[in-house]
Student: 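Structure incoming, see below.
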Amino acid sequence: MIRIRFTTPQQHGGERATQAEVEADRIRIDDGRLLLLLDGAVQADFPVTAVSEIDLRSAKTYSVEKIRTAHPQAYKAWTAEEERLLRQLHDSGTAIAEIAEKLGRQPGAIRSRLKRLLGR
């Protein structure tokens, strides 16, 4: 996601705006126009002279609170007890999805912590 701020309101999304957020993976300037592209297709097009700021940092595309509705321990620090239980479940052959459910964490977090604990 790229955020563009304008010196004067510009047409974007069917209305005049002082800024725009555009999903894009490339920026190109062509004949005085700022083009925002995604997979080669133009997503937005603004006059360069109307642009005051370009923020390239990706917008957060997830909500920790929303994720915690399904995985209550998501993004929380691991305790020694959780790590002990993780190792125990892993060593007993428990599937990653089942471990994730028991520990209230996402499967990716389980795999990541196992790599750290097992030195892989």
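The shown structure was predicted, so the numbers you read here are calculated from the model rather than taken from an experiment.
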Student: Heavy-atom distance under 4.5 Å between the side chains of H90 and T94, does that happen here?
Tutor: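 No, their side chains stay 4.5 Å or more apart.
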Student: Quick one: does T7's side chain get under 4.5 Å of V51's, heavy atoms only?
Tutor: no
Student: So, do P47 and Q10 sit near enough that their side-chain heavy atoms are less than 4.5 Å apart?
Tutor: yes
Student: Does E98 pair with K102 as a salt bridge, N-O distance under 4.0 Å?
Tutor: yes
Student: Tell me, yes or no, whether the heavy-atom count around E23 atom CD, taken from other residues, nucleotides or ligands under 6.0 Å, exceeds 12.
Tutor: no
Student: If you count every heavy atom of other residues, nucleotides or ligands that lies below 6.0 Å from R116 atom CZ, does the total exceed 12?
Tutor: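 For R116, atom CZ is not crowded (no more than 12 foreign heavy atoms under 6.0 Å).
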Student: Under a 4.5 Å cut-off applied to non-hydrogen side-chain atoms, are L56 and I27 in contact?
Tutor: yes
Student: Inspect the surroundings of CZ in R26 and state if more than 12 heavy atoms from other residues, nucleotides or ligands are less than 6.0 Å away.
Tutor: no
Student: Just wondering, do I54 and R5 contact through their side chains at under 4.5 Å, heavy atoms?
Tutor: no
Student: Do the side chains of E65 and R68 get close enough for a salt bridge, i.e. N-O under 4.0 angstrom?
Tutor: no
Student: Does I4 reach the side chain of D55, with side-chain heavy atoms less than 4.5 Å apart?
Tutor: no
Student: Is the shortest side-chain heavy-atom distance between L86 and L114 below 4.5 Å?
Tutor: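 Yes, at least one pair of side-chain atoms sits under 4.5 Å.
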Student: Is the distance between the ring centroids of H12 and F46 under 6.0 Å?
Tutor: yes
Student: Is R3 salt-bridged to E53, cutoff N-O under 4.0 Å?
Tutor: no
Student: Please say which of Q106, E101, K76 ends up in a side-chain contact (heavy atoms from CB on, under 4.5 Å) with H71.
Tutor: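 The option that passes is Q106.
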Student: Taking the side chain as everything from C-beta on, heavy atoms only, tell me whether L117 gets closer than 4.5 Å to W78.
Tutor: no
Student: Nearest 0.5 Å please: distance from the CD1 atom of I99 over to the CD atom of Q88.
Tutor: 10.5 Å
